[in-house]
Amino acid sequence: MPLFPAVDPIPLPAPIWLLKLLHIVTLALHFVAVEMLLGGLLLAVLLSLFRSSPASMVTARALARRLTMVMTFVINLAVPPLLFAQVLYGRALYTSSVLIGLYWISIICLLMLAYWLLYRFTARLEAGRSAWWVGLSAWVLAGCIARLLSTNMTLMLRPEVWRDMYSASAAGAYLPTGDPTLTPRWLLMMAGGLFIGGLWLVYLAGRSTFTADEKRFVAGLGGKVAAGFGIVYLAAGLWAASVQPAVVKVGLATHPLYKFAGFAGYGWMALVLVAVLVGAIAGFGKVSSAWLAWSAVLLAVLTEIAFTVYRDGVRDLTLLSKGYDVWDRAVETNWWVVGLFLVLFVAGLGVIGWLVSVVARARKVMEAA
Ligand code: HEM
């Protein structure tokens with residue numbers, strides 16, 4: 001009996017390479033926003049808990065004010081990769097989603113609660129009230145959402161356990177066990193939060209809304225966090241790569257197409273090392289400058305793109321070893337629809353660029369105000 005449900009007879013409406021390209025680009029942007037949320041929130045919580053100096057409270061508030069906006073990007077940049085993933089991997093992803101259905105659907109409630117707590121955290125900080133426990137609750141919920149996403153994205157790669165899981169519970173109330181890749185993969189995303197959160201502070205230190213003293217504090221803290229957690233992120237990445245099945249490791253080194261995903265893995269390591277260096281310069285020198293700020297942004301985006309390409313290779317090679325070839329689908333391209341989509345996509349990016357430029361030109365309000 002085949003491991004995967006039968007393929008949908010309706011052909012794909014666009015070339016597979018285009019769907020994969022859009023999937024990787026939008027997912028990498030989702031990951032940048034997710035890591036900013038996970039890392040920025042934890043840093044704001046710790047700063048507001050220890051209140052070591054006036055600058056630490058200014059930094060906590062500066063992060064918190066931006067986090068509710070970051071959450072909108074987490075969600076809006078999650079929908080496109082979800083749709084592309086369903087088109088490309090539906091037979092695997094729908095099955096695993098149904099198997100953990102109760103948990104999967106609970107993400108909506110967890111997300112709404114985390115979002116509400118995020119607003120409460122910001123409001124309490126602005127009012128000078130104790131807020132760390134509210135922020136910490138939001139962070140724990142976000143970590144649970146991340147764990148459930150890692151659970152589903154790894155369960156979709158294990159058709160061999162689906163039947164037993166369904167026999168154990170058809171209510172979707174049963175979480176999978178025995179996957180050595182799940183915890184390293186989740187911890188990799190959690191460690192990436194503090195790494196990207198540190199780079200975010202290095203960027204913020206370059207903003208003119210901080211005083212000179214505050215800039216030194218923000219650059220010093222952000223740089224040290226980025227450098228320190230860059231090393232942890234690297235270690236977690238090596239751990240997550242080492243627990244992949246042998247067939248995936250061989251494929252990443254030798255497969256004519258997926259060896260590019262293997263290169264992306266090395267690219268990811270090199271980018272994290274450069275970011276550690278940038279973090280160390282900003283952190284130990286307490287330097288804030290435009291070039292450091294924009295290097296931090298560039299490195300954060302490139303790191304997540306390289307990571308997403310590598311992760312895509314791991315998924316495709318794992319599925320391929322079990323008989324699921326993502327490239328083996330009937331395609332009937334509707335170029336009018338593809339063209340319209342691309343025009344709207346580019347126009348959407350243009351609107352976002354314009355909105356960012358409006359924010360950049362707006363009258364500056366000092367962070368401590
Ligand atoms: C606080 C909110 C969220 C957090 C912390 C979060 C975190 C994550 C993490 C950690 C992963 C990677 C899992 C792995 O591969 O190990 C992930 C992937 C993903 N997330 Fe999110 N996420 C959030 C919100 C959402 C929402 C609201 C959606 C859907 C609308 C979503 C859709 C996805 C999809 C589709 C993937 C995987 C795509 C793929 O592998 O092709 N996420 N997210």
Side-chain angles (χ1 to χ4, degrees), residues 19-42 67-94 96-97 100 103-119 121 135 137-158 176 179-197 233 236-237 239-241 243-244 261 304-305 307-316 318-319 326:
L19 294 172
K20 279 187 80 70
L21 180 71
L22 291 167
H23 180 217
I24 288 173
V25 171
T26 53
L27 185 57
L29 295 176
H30 174 59
F31 285 156
V32 173
V34 164
E35 300 293 36
M36 285 171 75
L37 177 76
L38 289 171
L41 180 54
L42 189 57
L67 280 171
T68 42
M69 194 168 60
V70 167
M71 182 61 118
T72 63
F73 282 96
V74 168
I75 297 169
N76 283 296
L77 291 167
V79 178
L82 179 61
L83 300 181
F84 291 123
Q86 286 170 351
V87 168
L88 291 166
Y89 305 99
R91 287 183 292 153
L93 186 52
Y94 285 133
S96 55
S97 305
I100 57 163
Y103 295 95
W104 188 237
I105 214 82
S106 76
I107 289 181
I108 298 170
C109 304
L110 297 176
L111 187 66
M112 286 194 295
L113 193 54
Y115 210 169
W116 176 72
L117 286 169
L118 214 50
Y119 273 105
F121 176 58
S137 310
W139 182 79
V140 169
L141 288 174
C144 290
I145 296 175
R147 177 76 186 190
L148 288 174
L149 279 153
S150 292
T151 302
N152 200 4
M153 296 309 142
T154 47
L155 180 60
M156 68 173 277
L157 306 180
R158 298 169 73 211
D179 184 348
T181 67
L182 170 58
T183 295
R185 189 161 159 160
W186 173 62
L187 289 179
L188 172 62
M189 291 299 293
M190 299 303 284
L194 283 168
F195 167 67
I196 299 279
Y233 190 40
W239 182 26
V243 293
Q244 294 304 324
E304 292 308 313
I305 291 178
F307 166 70
T308 312
V309 172
Y310 179 82
R311 183 181 171 282
D312 187 67
V314 168
R315 167 161 47 202
D316 283 6
T318 312
L319 287 175
V326 68

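Counting starts at 1 for both ligands and their atoms, in listed order. Heads up: numbering here begins at 1 and tracks the sequence. These figures come from a predicted structure and were not determined experimentally. Every heavy atom of this structure was used, including side-chain atoms; hydrogens, water molecules and symmetry mates were not.
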Within ligand 1, which atoms have a heavy atom of [X] less than 4.0 Å away?
X      : result
Arg315 : 39 (C), 40 (O), 41 (O)
Ala85  : 41 (O)
Leu111 : 1 (C), 2 (C), 27 (C)
Ser150 : 13 (C), 14 (C), 16 (O)
Phe31  : 11 (C), 12 (C), 17 (C), 18 (C)
Ala142 : 5 (C)
Leu37  : 1 (C)

Minimal non-hydrogen separation, [X] against [Y], with atom names:
X      : Y      : result
Gly143 : Leu38  : N-CD2, 4.2 Å
Glu35  : Met189 : OE1-O, 2.7 Å
Ala33  : Val70  : O-CG1, 3.6 Å
Gly313 : Ala261 : CA-CB, 3.8 Å
Val32  : Ile196 : O-CG2, 4.3 Å
Leu22  : Thr26  : O-OG1, 2.7 Å

Check: Would Thr183 and Arg147 count as having a side-chain donor-acceptor pair, cut-off 3.5 Å?
Finding: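 Yes, side-chain donor-acceptor contact under 3.5 Å.
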Check: Run the side-chain contact (heavy atoms from CB on, under 4.5 Å) check on Trp104 and Asn152 step by step: do they pass?
Finding: CA-CA 8 Å; Trp104 188 237; Asn152 200 4; 3.4 Å; yes
Note the single closest protein heavy atom to [atom], along with its residue, its atom name and the distance in Å.
atom                    : answer
atom 38 (C) of ligand 1 : Leu27 CD1, 3.6 Å
atom 9 (C) of ligand 1  : Met189 CE, 4.0 Å
atom 15 (O) of ligand 1 : Arg311 NH2, 2.4 Å

Next item on the list: Output, in order, the C-alpha distance, side-chain angles, deciding distance and verdict of side-chain contact (heavy atoms from CB on, under 4.5 Å) for Leu27 and Arg311.
Entry: CA-CA 11 Å; Leu27 185 57; Arg311 183 181 171 282; 3.4 Å; yes
Check: Would the number of heavy atoms belonging to other residues, nucleotides or ligands and lying under 6.0 Å from CD1 of Ile105 be above 12?
Finding: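 Count not over threshold, so no.
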Item checked: Tyr115, OH: over 12 other non-hydrogen atoms inside 6.0 angstrom -> yes
Note to self: Closer than 2.8 Å to atom 21 (Fe) of ligand 1, what protein N/O/S atoms do you find?
What the structure shows: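 Less than 2.8 Å away from atom 21 (Fe) of ligand 1 sit His30 NE2.
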Next item on the list: Of the side chain and backbone of Leu141, name the one, both, or neither that has a heavy atom under 4.0 Å from an atom of ligand 1.
Entry: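 Near ligand 1, Leu141 shows nothing, with every heavy atom at 4.0 Å or more.
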Item checked: Any His23 heavy atom less than 4.0 Å to ligand 1 -> yes
Item checked: Residue from Phe307, Phe195, Tyr310 passing ring pair (Phe, Tyr, Trp, His ring centres under 6.0 Å) with Phe31 ->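 For Phe31, the ring pair (Phe, Tyr, Trp, His ring centres under 6.0 Å) check succeeds only for Phe307.
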